[in-house]
Number of protein chains: 2
Amino acid sequence: MKDNDRKFDILYSIIRDYIKTAEPVGSRTIEKKYNIGISSATIRNEMADLEEMGYLVQPYTSAGRIPSDKAYRLYVDRFMKKVDVDSYIKEDVRNLYRQYFGELEEVMNKTAQILTKLTNLTSLVSTPNISGLNIKDIHLIHIEDERVLLVVITEQRIVKSAEIRLSGIPTDEMLEHVANFLNLSIKDMMTEFRASDFASRVDALTPGEQKIVGEVVNTIKLIFNSEEDNRVISNGVTEIFRYPEFRNDMDRTKRFLEAIHRKDLLSYLFSTVQDDSVSVRIGEENGMEELSNCSVISATYKINGRPVGTIGVVGPTRMDYDYCVSVIETLTNELTNHLDETIGGGK
Amino acid sequence: MKDNDRKFDILYSIIRDYIKTAEPVGSRTIEKKYNIGISSATIRNEMADLEEMGYLVQPYTSAGRIPSDKAYRLYVDRFMKKVDVDSYIKEDVRNLYRQYFGELEEVMNKTAQILTKLTNLTSLVSTPNISGLNIKDIHLIHIEDERVLLVVITEQRIVKSAEIRLSGIPTDEMLEHVANFLNLSIKDMMTEFRASDFASRVDALTPGEQKIVGEVVNTIKLIFNSEEDNRVISNGVTEIFRYPEFRNDMDRTKRFLEAIHRKDLLSYLFSTVQDDSVSVRIGEENGMEELSNCSVISATYKINGRPVGTIGVVGPTRMDYDYCVSVIETLTNELTNHLDETIGGGK
DNA sequence: GTTAGCACTCACCGTGCATGAGTGCTAACA
DNA sequence: TGTTAGCACTCATGCACGGTGAGTGCTAAC
């Protein structure tokens with residue numbers, strides 16, 4: 001209905017203005033800055049309606065209005081426009097990635113830095129989760145005495161290593177036997193499993209070697225399930241000082257910074273992201289009262305089409321959703337492409 | 001001289017009181033809370049002297065006095081007492097370490113956590129610098145195509161790995177030749193070098209293998225010199241909100257947090273720590289105006305008697321120097337012992 | 001040399017008042 | 001019937017003012 005169109009035009013203007021200024025928006029501001037073509041008195045009436053509908057909030061009786069979480073939700077669902085994140089930025093990103101093939105840690109750090117640079121928000125990047133990936137290759141390297149380095153390569157060519165402390169000192173020969181056994185057994189699982197083959201290989205191992213197999217398998221389980229391996233890197237946490245609603249409110253800033261430094265909260269935050277498309281969680285939608293004044297925009301990146309991690313930004317609910325969503329979208333794609341080009345493509 | 005003794009008794013009381021309360025200290029407070037045995041009027045006179053000598057500062061005409069950096073310096077140099085960091089804490093620390101043998105990253109993180117827990121300050125821990133260590137062993141693992149994982153073990157049994165992208169695709173045989181060559185050459189360097197042996201080994205390599213040698217050596221150089229490998233881990237950055245002089249001053253808090261998140265500043269901060277004993281840098285002494293309201297207490301930890309890294313705390317100049325110095329001292333020793341027990345002892 | 005006493009300073013806090021941005025309501029207009 | 005001008009009203013903000021109290025420096029007496 002035409003009626004509501006005008007209402008939402010006004011709401012749209014208020015949201016845009018508030019995102020820009022962080023100041024409550026009054027009816028005269030709308031009349032002058034956005035030419036809706038009606039007087040401030042009429043706008044006032046509409047604003048009263050919008051407040052009743054739950055889209056606007058008045059901090060105190062004679063102040064302008066502030067958009068509610070519900071208003072931002074409407075904005076994101078209905079009014080958001082795709083922004084063309086300039087192609088030169090894409091070029092820039094590719095150049096940055098180019099030098100960091102393979103070294104996942106570096107790639108993730110760089111991604112977080114770029115995110116912050118582009119959005120002026122705190123960025124979060126989770127390292128790739130490898131728990132669902134298949135193992136291609138196992139290596140055991142003797143460090144000294146009972147210390148052994150385990151190197152695991154997945155079919156996606158992601159390399160993980162961990163130190164194992166065995167209960168006894170192995171010979172190089174024992175380690176070789178164990179590694180061979182494990183590699184063959186893996187191939188076994190991947191193709192057709194023949195119990196007889198497996199049993200004969202196990203029997204060929206000495207009791208000492210069998211014990212080592214157990215210890216190695218335990219460590220592999222640990223590597224593939226530890227949350228250490230799906231941890232969240234943050235960047236630009238002090239960007240929050242840019243925003244007056246935080247800069248003038250020590251308590252709010254304190255709560256934000258304390259939350260952002262709690263790795264468990266960040267993991268939780270990302271654990272609930274959907275697999276597909278960009279997720280926008282506004283205010284209380286993120287389910288964490290520590291970040292109730294904040295919105296989170298995030299998306300998952302993939303390796304070989306399989307979602308393995310999440311990147312995102314956190315900032316005041318008053319953030320530029322159009323731009324940030326586009327940035328996240330673009331960067332997720334770039335990251336996915338980059339990973340597929342460098343470590344993906346395992347047959 | 002007896003005269004000065006009384007002056008410094010007063011100064012000592014003022015410092016202790018200010019460390020505890022963060023409020024300017026007046027003459028009557030000293031008279032009542034610390035029984036020096038003289039009246040407030042006399043104390044006032046002494047305080048005026050101490051101000052003239054540069055030990056005290058008056059924020060405004062009719063306020064109490066605050067110790068200057070110079071006062072803290074005197075305090076640390078002359079009045080500081082060793083605190084017995086309770087033995088149960090030591091036991092606690094050892095228990096925590098016990099489960100993290102070998103995994104350097106974890107040990108360093110844990111150390112930072114303990115430091116913060118004990119001191120309620122932001123803690124900094126630099127990862128061990130391996131640039132001066134000798135290589136014991138080199139392994140090359142083929143990941144796929146031209147990607148190779150290089151694993152280096154030092155004589156101290158520190159394990160480092162890095163991915164190399166070669167300019168061509170090597171065979172497993174080539175990698176074996178190269179690894180053998182490098183391992184033999186290392187042993188060569190360590191004992192007596194015979195040019196003829198070396199030359200004959202080089203000649204036994206194909207041109208392709210020699211090229212790989214070059215690429216591997218470059219990467220080794222990178223590993224052993226990159227500052228990535230001497231980076232600084234921080235913990236408890238939001239502890240700063242405990243302290244009223246920060247909690248009531250957004251600007252100061254902002255500057256502190258921005259500095260603490262700049263890895264380059266932290267590296268710089270630690271690059272100037274002396275090798276021996278605990279270093280205390282008060283206020284401007286740390287040479288960074290970003291942290292001019294802060295003091296830094298730090299000490300180096302060692303592996304096999306060789307200093308390889310630094311641990312420390314940063315906080316308001318008004319910190320409990322006695323306690324913090326003792327904590328740092330104890331923890332440095334514990335860390336050094338732990339490292340020697342687990343990864344040290346390489347013959 | 002020490003101390004009591006006193007005048008003085010100044011941050012801090014509460015109060016009162018003017019200002020102005022913004023509202024809601026009413027009545028007139030198209 | 002929707003729109004608008006006008007007006008009374010609200011309330012945060014900023015500022016001036018005065019009282020309070022913690023603390024000082026100085027002086028004079030002990």
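No experiment lies behind these values; they were computed from the predicted model shown. Worth knowing before you read on, the calculation uses all heavy atoms, side chains too, and leaves out hydrogens, waters and symmetry mates. Naming convention: chains lettered A, B, ... in sequence-line order (proteins, then strands); numbering from 1 in each chain.
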Check your understanding: Out of D:dT24, D:dG23, C:dT23, which nucleotide sits closest to the side chain of B:Q58?
Key -> D:dT24

Can you check the [X] [atom1] to [N] [atom2] distance for me, whole Å?
X	N	atom1	atom2	value
A:I43	D:dG2	CD1	P	17 Å
B:I30	D:dA22	CD1	P	16 Å
A:D49	C:dG24	CG	C1'	13 Å
A:K33	C:dG22	NZ	P	10 Å
B:E23	D:dG23	CD	P	9 Å
B:M47	D:dG25	CE	C1'	12 Å
A:E52	C:dG24	CD	P	11 Å
A:I66	D:dA12	CD1	P	13 Å

Study note, to complete from the structure: The complete set of ring-ring contact (aromatic ring centres under 6.0 Å, His included) pairs with one or both residues in residues 234-255 of chain B, sequence neighbours excluded, reads B:F246-B:F256

Point to revise | Pairing of B:R16 and B:D322 as salt bridge, 4.0 angstrom limit | key: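 Salt bridge between B:R16 and B:D322, a charged N being under 4.0 Å from a carboxylate O: yes.
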
Exercise for review: Could you tell me whether B:E258 and B:R262 make a salt bridge, using a distance below 4.0 angstrom between a side-chain N and a carboxylate O?
Suggested key: no

Protein N or O to nucleotides 15-20 of chain D N or O, pairs below 3.5 Å:
none

Review point. What's the verdict on salt bridge (Lys or Arg N to Asp or Glu O under 4.0 Å) for A:R318 and A:E245, showing C-alpha distance, side-chain angles and the deciding distance?
Key: CA-CA 10 Å; A:R318 175 189 72 86; A:E245 60 267 52; 2.7 Å; yes

Study note, to complete from the structure: Residues at least two apart in sequence or cross-chain that pass side-chain contact (heavy atoms from CB on, under 4.5 Å) with B:T21, listed by chain then number, are B:D17, B:E23, B:K33

**Study point:** Pairing residues for B:E51 by the side-chain contact (heavy atoms from CB on, under 4.5 Å) criterion, not counting sequence neighbours
**Key:**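 Once residues adjacent in sequence are excluded, the partners of B:E51 under the side-chain contact (heavy atoms from CB on, under 4.5 Å) criterion are B:L56, B:Q58, B:R65.
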
Practice item. Any chance you could list the contact pattern along nucleotides 3-21 of chain C? Use B for base contacts, S for sugar-phosphate-only contacts and - for none, protein heavy atoms under 4.0 Å, 5' to 3'. Key: BBB---BBS---------B

Point to revise | Terminal axes of the helix from C:dG1-D:dC30 to C:dA30-D:dT1 (five pairs each): angle between them, nearest 10 degrees | key: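 So the angle between the two local helix axes works out to 20°.
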
Check your understanding: So, A:T116 versus A:S123: side-chain donor-acceptor pair below 3.5 Å or not?
Key -> yes

Check your understanding: Which class fits the ring pair B:Y321 and B:Y72: parallel under 30°, tilted 30 to 60°, perpendicular over 60°?
Key ->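 Aromatic pair B:Y321/B:Y72 classed tilted.
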
Review point. With under 30° as parallel and over 60° as perpendicular, where do the rings of A:F8 and A:Y55 fit, or are they tilted in between?
Key: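 Rings of A:F8 and A:Y55: perpendicular, as their planes differ by over 60°.
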
Review point. Does D:dG25 have OP1 or OP2 sitting under 4.0 Å from an N or O in the side chain of B:R65?
Key: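 Yes, because at least one side-chain N or O of B:R65 sits under 4.0 Å from OP1 or OP2 of D:dG25.
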
Check your understanding: Got a second to check how far A:I297's CD1 is from A:L115's CG, nearest 0.5 Å?
Key -> 10.5 Å

**Study point:** Verdict with supporting geometry, B:E239 and B:R242, salt bridge (Lys or Arg N to Asp or Glu O under 4.0 Å)
**Key:** CA-CA 6 Å; B:E239 297 292 317; B:R242 285 175 181 273; 2.5 Å; yes

